[in-house]
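For reference, the structure is listed below as structure tokens.
Letters go in sequence order (proteins before strands), and every chain restarts at 1. Note: hydrogens, waters and symmetry copies are ignored here, and every other heavy atom, side chains too, is used.
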Amino acid sequence: MEDHCYMTQVYINQLNNYKDKEVCLKGWLYNKRSSGKMQFLLVRDGTGLVQCVLFKGDASEELFNLCGTIPQESSVIVNGTVREDKRSPGGVELTILDINVVQKAEEYPISLKSHGPDFLLGNRHLWIRSKKQHATLRIRDEVVKAIRDYFYEKDFVLIDAPVFTPAACEGTTTLFEVDYFDDKAYLTQSGQLYMEAACMAFGKVYCFGPSFRAEKSKTRKHLTEFWMVEPEIAYADLSDVMDMTEDFVSYIVQRVIKNRPDELEALERDISLLKKIVPPFPRLSYTEAVDLMQKGGHEFEWGGDLGAPDESFIVEQFEKPVLIHRFPAKVKAFYMKNDPEDNNLALCVDMLAPEGVGEIIGGGQREDELDILSEKINRHNLPEEAFKWYLDLRRYGSVPHAGFGLGIERVVGWLCGSSHVRETIPFPRMLYRIYP
RNA sequence: UCCCUGGUAGCUCAAUGGUAGAGUAUCCGGCUGUUAACCGGAGUGUUGUAGGUUCGAAUCCUACCCAGGGAGCCA
């Protein structure tokens with residue numbers, strides 16, 4: 001292969017630095033067009049797309065004919081001269097000197113025309129080569145890097161939570177059960193309980209990994225396997241966590257706007273909406289949210305959890321994500337601490353993102369008193385022996401602590417304007433879909 | 001689990017009871033600046049499966065399978 005690349009190998013996103021120089025591109029044929037005595041080959045290499053041009057008069061007949069017959073997605077090595085040209089997409093193009101077909105592709109199933117979701121998901125391994133999918137996954141990469149940078153800069157310690165867990169955090173009905181030698185184990189649905197242990201050891205911690213939910217949800221917001229980042233902070237309360245969520249989410253959004261403008265543009269995303277995402281975010285207590293709905297003519301009775309239409313109604317009143325805190329304790333998980341000012345309320349917070357995205361964060365302050373937590377575990381009919389270690393945390397130096405979980409795919413979907421979270425993870429796992 | 005929508009060519013769709021079609025992809029031909037290029041030509045079918053109604057079913061009925069969207073639940 002080396003003898004076909006006799007010039008400097010350059011990635012497409014670096015071509016601007018090689019104007020009028022001869023370079024070698026290694027990539028795949030994205031699309032081709034011809035116009036009689038000209039061939040236009042659109043080549044991608046993972047970093048971008050560039051148009052490669054060949055005039056019939058400038059090339060041997062063999063080379064010219066070859067260019068016209070290379071099938072879509074064939075792997076190619078192209079030698080050529082970089083030229084500035086306004087007619088070319090991207091403003092830079094390559095005048096072809098030589099081309100080597102590494103592998104002539106078979107008939108490629110994904111055309112540049114429209115396809116249905118079933119077909120595309122069945123061809124996900126190829127679909128990720130397409131422009132919008134490529135941009136989405138690049139933005140995911142940026143979101144993940146932003147998250148890691150944010151926590152690193154704030155002296156959080158990454159503590160990976162286990163994927164195999166002995167029992168449920170919040171009941172077993174929505175867990176994937178697996179054989180674990182002669183026993184049963186479950187795939188984690190949250191690393192939170194382990195983060196509570198870890199924050200008592202390291203102060204400020206987070207985990208970042210996959211979560212599994214065996215819920216039979218068939219909506220654009222659900223995957224059975226999704227990625228979640230979960231920070232947990234010792235000596236923090238609900239107010240600290242609310243401050244952090246808006247700072248954190250704003251940081252992620254602004255990082256993506258700054259570092260991934262080309263990808264956002266490829267996705268035709270309206271950036272003006274995202275630019276507004278800076279602290280502070282509107283904050284409503286659950287009770288205030290109920291009031292807002294009732295005054296706005298949206299029927300809702302105090303006491304129930306917010307359903308999807310209720311969330312939409314609230315979010316539509318604002319341009320930024322909305323923080324809703326202090327839900328009725330009854331509708332929230334057992335580990336939430338009750339509000340000392342009103343024992344019917346939990347010290348929890350949800351962040352609802354705009355543009356129909358909905359909940360991207362759930363979090364709050366944890367119950368730190370042994371007796372109360374033990375009582376709550378019993379009341380929820382959870383196996384106490386499985387939570388012995390968790391209760392230990394309230395025996396040995398218990399302190400107020402709080403944290404939250406943020407769903408990566410929903411955030412990426414929001415930033416990309418995706419119609420479905422399945423496009424925001426490389427290989428989505430969904431109800432009845434585990435191929436490829 | 002429930003509700004709604006759909007399943008026809010490789011792909012995207014049309015045909016609403018009377019000979020199953022178009023675009024695209026593929027192959028051939030044309031064009032010196034194409035931008036999902038365009039123009040001309042060619043081949044392409046177990047109409048999701050099984051049964052039923054009918055002279056006749058892609059079309060109507062029943063069951064099942066598969067997919068999409070939503071509810072619940074959640075991130």
Side-chain angles (χ1 to χ4, degrees), chain A residues 30-42 49-59 64 68-69 71-73 83 85-91 93 95 105-123 126 130-132 169-171 173-175 189-192 210-230 245 304-312 331-333 350-353 356-363 404-414 419-422 424-425 430-433:
Chain A
Y30 190 74
N31 191 19
K32 67 173 188 289
R33 296 180 277 267
S34 69
S35 180
K37 308 253 174 350
M38 302 185 70
Q39 300 281 1
F40 300 93
L41 305 186
L42 211 52
L49 270 175
V50 69
Q51 178 169 279
C52 303
V53 184
L54 188 65
F55 291 80
K56 189 163 193 176
D58 294 351
F64 188 83
T69 59
Q72 186 189 1
E73 284 301 326
R83 287 247 162 73
D85 193 315
K86 282 177 188 153
R87 292 168 295 187
S88 181
E93 65 184 21
T95 302
E106 292 178 24
E107 188 177 332
Y108 192 64
I110 300 180
S111 74
L112 298 178
K113 301 274 179 180
S114 63
H115 295 284
D118 186 35
F119 176 79
L120 289 169
L121 288 165
N123 286 286
L126 304 175
S130 301
K131 209 181 281 179
K132 288 192 177 180
C169 301
E170 308 169 34
T173 51
T174 62
L175 290 176
Q189 62 178 183
S190 166
Q192 182 205 312
S211 283
F212 305 88
R213 302 278 165 92
E215 292 155 359
K216 294 199 169 178
S217 301
K218 284 182 77 167
T219 81
R220 74 181 97 146
K221 296 175 186 176
H222 291 87
L223 299 168
T224 54
E225 178 181 328
F226 66 98
W227 281 62
M228 186 155 66
V229 58
E230 294 173 281
T245 56
D305 205 355
L306 298 180
D310 312 317
E311 288 183 357
S312 305
V331 302
K332 288 294 176 180
D350 283 359
M351 185 187 287
L352 308 180
V357 174
E359 188 175 348
I360 55 171
I361 280 177
F404 64 88
L406 173 135
I408 303 307
E409 288 76 17
R410 288 187 182 174
V411 170
V412 175
W414 170 36
S419 55
H420 196 302
V421 289
R422 65 191 168 207
T424 66
I425 187 166
M430 296 181 292
L431 184 62
Y432 308 133
R433 189 180 283 283

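- Protein atom CZ of Phe119(A) is 15 Å distant from nucleotide atom P of G68(B), rounded to whole Å.
- Closest to the side chain of Glu93(A), from the set U34(B), C73(B), G33(B), is G33(B).
- The C1' atoms of G18(B) and C2(B) are separated by 40 Å, rounded to the nearest whole Å.
- Annotation: A15(B) and G52(B) have their C1' atoms spaced 24 Å apart (nearest Å).
- Once the 5.5 Å centre distance and the 30° plane angle are applied, the aromatic ring of Phe226(A) is found stacked with the base of A75(B).
- When the C1' atom is compared between G68(B) and C61(B), the two are found 24 Å apart, to the nearest whole Å.
- As a whole-Å value, the separation of Lys216(A) NZ from A67(B) P is 12 Å.
- G21(B) sits 12 Å from A58(B) when the C1' atoms are compared, rounded to a whole Å.
- G72(B) and A36(B) are spaced 41 Å apart, taking the P atom of each and rounding to whole Å.
- As rounded to the nearest Å, G6(B) and G43(B) have C1' atoms that lie 30 Å from one another.
- Taking side-chain N and O atoms only, Arg422(A) has a distance below 4.0 Å to OP1 or OP2 of G69(B).
- Side-chain N/O atoms of His222(A) and base N/O atoms of C74(B) include a donor-acceptor pair closer than 3.5 Å.
- For the OP1/OP2 pair of U24(B) and a distance below 4.0 Å, the side-chain nitrogens and oxygens of Lys113(A) include no atom meeting the criterion.
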Is there a salt bridge (charged side-chain N to carboxylate O under 4.0 Å, His left out) between Lys37(A) and Asp58(A) once you walk through the steps?
-> CA-CA 10 Å; Lys37(A) 308 253 174 350; Asp58(A) 294 351; over 6 Å; no
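- C13(B) and G17(B) have their P atoms separated by 23 Å, with the value rounded to a whole Å.
- With A25(B), C74(B), U32(B) as the choices, the nucleotide that has an atom nearest any side-chain atom of Ser35(A) turns out to be U32(B).
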